[in-house]
Number of protein chains: 2
Amino acid sequence: MTGKRSPARRPTMKDIARRAGVSESAVSFALNGRPGVSEVTRDRVRRVAEQLGWRPSTAARALSGEGAATVGFVLARPAGTLGVDSFFLQLVSGIQEVLAERHLGLLFQIAEDIDDECAVYRRWWAEHRVDGVLVVDPRTDDPRPGLLDELGLPAVVIGGAPDERHPGLSTVWADDAGAMAAVVDGLYALGHRRIAHIAGLPGLAHTERRIRTLRAEAERRGLSEVQSVPTDYSDEAGAAVTRRVLHGPAAPTALIYDNDVMAVAGVAAATELGFTVPADVSVVAWEDSALCRLVKPWLSALSRDSVEFGRTAARELTALLDGGPARTVRVPVPGLIERDSTGVARAV
Amino acid sequence: MTGKRSPARRPTMKDIARRAGVSESAVSFALNGRPGVSEVTRDRVRRVAEQLGWRPSTAARALSGEGAATVGFVLARPAGTLGVDSFFLQLVSGIQEVLAERHLGLLFQIAEDIDDECAVYRRWWAEHRVDGVLVVDPRTDDPRPGLLDELGLPAVVIGGAPDERHPGLSTVWADDAGAMAAVVDGLYALGHRRIAHIAGLPGLAHTERRIRTLRAEAERRGLSEVQSVPTDYSDEAGAAVTRRVLHGPAAPTALIYDNDVMAVAGVAAATELGFTVPADVSVVAWEDSALCRLVKPWLSALSRDSVEFGRTAARELTALLDGGPARTVRVPVPGLIERDSTGVARAV
DNA sequence: CGAGATCGCTAATGCGCTTTAGTCTGGCTG
DNA sequence: CAGCCAGACTAAAGCGCATTAGCGATCTCG
């Protein structure tokens with residue numbers, strides 16, 4: 001009879017205690033660096049632990065009040081728009097890097113929508129699963145900060161503007177208002193006066209922020225033919241909106257897309273309509289990726305270091321878990337990489 | 001003095017017991033559907049639990065032998081090639097769907113390389129963090145199945161051919177040998193006799209399988225000018241290899257790319273060299289995605305349902321966790337979606 | 001009608017760890 | 001030399017849950 005699984009019992013502190021000839025408490029003291037044991041004993045215990053390949057059971061640790069050594073990350077996006085941009089994997093990659101150093105786990109979950117996401121937080125909290133969470137895609141009028149405050153779950157909001165109503169949360173964000181201003185500056189300098197902004201999901205804080213900033217920048221320069229059109233980030237939407245705005249006599253001469261996928265789809269759509277990029281219309285993608293250099297012409301894009309963004313967020317969260325104060329930190333404004341899709345505006 | 005965080009204590013079974021006027025054990029019996037309490041009491045307890053918003057502490061559960069209610073997923077790929085294809089997020093999305101139903105958490109980690117990945121498994125096991133794991137990117141001569149067997153950690157290998165040496169592991173895979181045969185069939189029928197296969201990472205089981213199958217198919221038809229070139233999946237490699245194989249007098253008339261990104265990069269490279277797709281050279285991408293319809297010409301691609309793939313894998317793992325036997329299940333062979341990048345071979 | 005089975009429930013134990021409250025020894029002080 | 005105290009360590013309790021043993025009360029059947 002072969003057993004179901006080879007047992008391979010994991011060593012516990014009791015095993016260490018026995019082998020080292022001390023009590024379990026001594027082992028605990030020794031391994032956690034607290035006073036109560038002599039240095040000699042501490043060393044011996046450490047050696048035995050290492051030799052046995054001992055690692056603390058997170059379950060037991062969590063149960064005795066130490067926290068779960070895990071942070072949570074929920075992604076609430078329509079299933080269709082999931083794999084399209086590379087931003088999230090890069091972000092997660094950066095997050096991981098920092099968490100791994102401290103042996104913190106990352107509990108990952110995909111949710112249907114924001115209510116579902118809130119339910120996940122509640123469950124995680126009740127189940128004692130996570131010590132803190134990373135929140136992405138902050139919205140205008142977002143229910144999550146309030147909930148997390150209420151639950152007392154440490155959290156850092158990624159990509160949101162600081163929210164003074166929830167001083168318990170940290171925020172890590174890039175000033176896309178500044179980036180938008182820079183883009184408009186550049187386009188204006190090239191002679192563009194009619195600009196369309198194919199925006200992302202309405203309701204997302206940064207979408208609204210970009211739209212607001214664009215409007216403000218336009219007003220500041222007396223441009224009246226500037227518009228923002230929200231989408232769902234999909235390539236279909238990008239193409240459809242492109243066709244729509246390009247239709248008619250006073251078509252924009254510059255298009256700003258809120259992600260790379262839409263930009264690529266938009267270029268294809270524009271080309272089909274007989275527009276040449278950048279001769280007839282300039283294109284800027286808000287998010288750089290391999291994609292931007294996979295198509296012709298190469299896309300000018302706003303580039304940021306998403307991995308570093310993730311690292312920063314994770315660092316803020318660990319600081320919070322260590323009992324530090326909530327902070328608001330700004331990561332560098334995305335920079336415009338000028339490639340082949342932007343040029344001097346066609347003479348009207 | 002405002003406390004650091006609002007306490008918001010989570011309810012425990014003791015609270016329920018008190019409110020329902022029964023013992024803790026009765027509560028446990030009631031809530032877990034085991035015999036030992038009357039239906040009346042069970043209902044009452046359930047109601048109280050719900051009203052209190054009680055959820056079992058996974059820590060406590062895990063400690064009392066029930067497992068951690070979590071499965072692990074490690075991604076070991078070079079950081080650069082991380083966000084490029086949409087396969088993983090879709091896979092994870094499918095996995096989630098199944099896990100969420102059973103309230104299983106997904107612990108996600110990115111590793112440097114396969115040794116690092118093994119270390120992660122060891123740690124997870126020792127820390128009692130996961131009940132099972134999902135393994136991707138199986139390799140020829142893979143150390144992971146052996147390790148997982150040794151640790152007694154239930155696991156399902158995603159995308160690997162069945163491995164009779166480790167009967168404890170389940171396997172979920174698509175028969176890409178069959179798919180490759182179908183692709184070659186199609187290309188052959190279109191008159192293609194010289195085919196280049198821009199393959200993925202060498203050492204990955206499915207890369208080797210595809211290469212082997214292609215060779216076999218070529219031999220079967222007496223084609224001598226068929227080659228496979230392994231790459232690192234990056235767009236740069238895709239472009240570089242494309243330029244290389246297209247150079248010279250007997251250039252292939254058909255190119256098979258092991259992912260969508262390389263295919264797109266390859267088309268761009270070929271176009272630069274003066275080749276027209278599909279007039280001069282046909283292109284097939286092994287992995288369909290939005291990307292394939294973002295470029296001109298639209299790419300013919302092998303399409304599979306990655307989300308369903310993930311679902312299937314997760315289902316197998318949960319079956320394993322329930323004590324079921326290890327199984328090998330095949331998901332449907334990817335189907336060739338013929339779009340605009342494949343055509344009749346140019347007359348030689 | 002009494003012995004055993006069954007039901008509905010409670011008390012107690014253990015999972016692996018942290019932490020508090022001791023215990024004991026040796027050295028130091030007055 | 002009694003009295004104290006610091007240092008090194010142990011004993012025990014508790015975290016939230018599952019589980020086993022146990023205990024009356026009711027039921028069943030010979």
**Student:** Closest heavy-atom contact between A:L99 and A:L106?
**Tutor:**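 Answer, listing the atom of A:L99 first, then A:L106: CD1-CD1, 3.9 Å.
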**Student:** Using a 3.5 Å distance criterion without hydrogens, assess whether the side chain of A:D322 forms a donor-acceptor pair with backbone atoms of A:G324.
**Tutor:**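 It does not hold such a pair.
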**Student:** Please check this pair: side chain of B:D131 against backbone of B:A69, looking for a donor-acceptor N/O pair closer than 3.5 Å.
**Tutor:**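 Yes; at least one donor-acceptor contact below 3.5 Å.
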**Student:** Between D:dT20, D:dG16, C:dT19, which nucleotide has the shortest distance from any of its atoms to the side chain of A:F29?
**Tutor:**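 Of the candidates, C:dT19 comes closest.
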**Student:** From the options D:dG16, C:dG16, C:dT18, select the nucleotide whose nearest atom is closest to the side chain of B:S64.
**Tutor:**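 When the side chain of B:S64 is considered, D:dG16 is the closest of D:dG16, C:dG16, C:dT18.
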**Student:** State which of C:dG16, C:dT19, C:dT10 makes the closest approach to the side chain of B:A26.
**Tutor:** C:dT10
**Student:** Polar-atom pairs under 3.5 Å, protein N or O versus N or O of nucleotides 22-28 of chain D: list them with distances, or write none.
**Tutor:**
none

**Student:** Would you say a side-chain N or O of A:T41 is under 4.0 Å from OP1 or OP2 of D:dC9?
**Tutor:** yes
**Student:** Measure the distance from CG on B:D43 to P on C:dG8 and round it to the nearest whole Å.
**Tutor:**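 Distance, rounded to whole Å: 13 Å.
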**Student:** Less than 4.0 angstrom between a side-chain N/O of A:R34 and OP1 or OP2 of C:dT19, yes or no?
**Tutor:**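 Answer is yes, contact under 4.0 Å.
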**Student:** Above 12 or not: heavy atoms from other molecules or residues under 6.0 Å from CD of B:E308?
**Tutor:**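 Enclosed.
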**Student:** Picking from D:dA18, C:dT10, D:dT10, which would you name as closest to the side chain of B:V22?
**Tutor:**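 Nearest listed nucleotide: C:dT10.
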**Student:** So, is B:R61 close to the D:dG16 phosphate, meaning a side-chain N or O under 4.0 Å from OP1 or OP2?
**Tutor:**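 It does not, given that no N or O in the side chain of B:R61 lies less than 4.0 Å from OP1 or OP2 of D:dG16.
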**Student:** Rounding to an integer number of Å, can you tell me how far B:W125 CH2 sits from C:dG16 P?
**Tutor:**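 To the nearest whole Å, that distance equals 12 Å.
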**Student:** Quick check: closest heavy atoms across B:W54 and B:I16, and the distance to 0.1 Å?
**Tutor:**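 Where B:W54 meets B:I16 most closely, the heavy atoms are CG-CD1, 3.5 Å.
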**Student:** Give the nucleotide from the list D:dA18, C:dT18, D:dG16 with an atom nearest to the side chain of A:L63.
**Tutor:** D:dG16
**Student:** Give B:G65 one of three labels, base, sugar-phosphate or nothing, depending on what nucleic acid heavy atoms sit under 4.0 Å from its own.
**Tutor:**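 Nothing, no nucleic acid heavy atom in range.
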**Student:** Indicate whether OP1 or OP2 belonging to D:dC9 is found under 4.0 Å from a side-chain N or O atom of A:S38.
**Tutor:** yes
**Student:** Under 4.0 Å between a side-chain nitrogen and a carboxylate oxygen: does that hold for B:R18 and B:E24?
**Tutor:**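 Result for this pair is no, no salt bridge flagged.
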**Student:** In whole angstrom, give the distance that lies between atom CG of B:L31 and atom C1' of D:dT19.
**Tutor:**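 In whole Å, D:dT19 C1' lies 15 Å from B:L31 CG.
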**Student:** Going by modelled atom types, is there a donor-acceptor pair between the base of D:dA18 and the side chain of B:S25 at under 3.5 Å?
**Tutor:** no
**Student:** Categorize B:M13 for me: base, sugar-phosphate, or nothing, with a 4.0 angstrom heavy-atom threshold over every strand shown.
**Tutor:** sugar-phosphate
**Student:** For B:V135, does its backbone N or O pair with a side-chain atom of B:E117 as donor and acceptor, under 3.5 Å?
**Tutor:** no
**Student:** Indicate, with a heavy-atom threshold strictly under 4.0 Å, whether B:V27 touches base, sugar-phosphate, or nothing.
**Tutor:** nothing
**Student:** Which sits closer to the 5' end of DNA chain C, B:H128 or B:G36, going by the nucleotide each is nearest to?
**Tutor:**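 The residue whose closest nucleotide sits nearer the 5' end is B:G36.
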**Student:** Taking the side chain from A:R47 and the backbone from A:R42, do they hold a donor-acceptor pair closer than 3.5 Å?
**Tutor:** no
**Student:** Less than 4.0 angstrom between a side-chain N/O of B:S28 and OP1 or OP2 of D:dA18, yes or no?
**Tutor:**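 Yes, within the criterion.
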**Student:** Atom NZ of B:K14 and atom C1' of D:dA18: how far apart are they, to the nearest Å?
**Tutor:** 15 Å
**Student:** Just call it for B:R55: base, sugar-phosphate, or nothing, with non-hydrogen atoms closer than 4.0 Å on any strand.
**Tutor:** sugar-phosphate
**Student:** Looking at side-chain heavy atoms only, is the closest gap between A:F88 and A:D137 below 4.5 Å?
**Tutor:**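 Answer yes - side chains close enough.
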**Student:** Among D:dC15, C:dT18, C:dT10, find the nucleotide with the atom closest to the side chain of B:S23.
**Tutor:** C:dT10
**Student:** So B:T12, base contact, sugar-phosphate only, or nothing? Heavy-atom distance under 4.0 Å.
**Tutor:** sugar-phosphate
**Student:** Whole angstrom is fine here: how far is it from CZ in A:R18 over to C1' in D:dT10?
**Tutor:** 16 Å
**Student:** Can you check the B:E24 CD to D:dG16 P distance for me, whole Å?
**Tutor:** 9 Å
**Student:** Looking at D:dC17, I'd like to know if its phosphate oxygens (OP1 or OP2) sit under 4.0 Å from a side-chain N or O belonging to B:W54.
**Tutor:**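 For B:W54, the contact criterion (side-chain N or O under 4.0 Å from OP1 or OP2 of D:dC17) is met.
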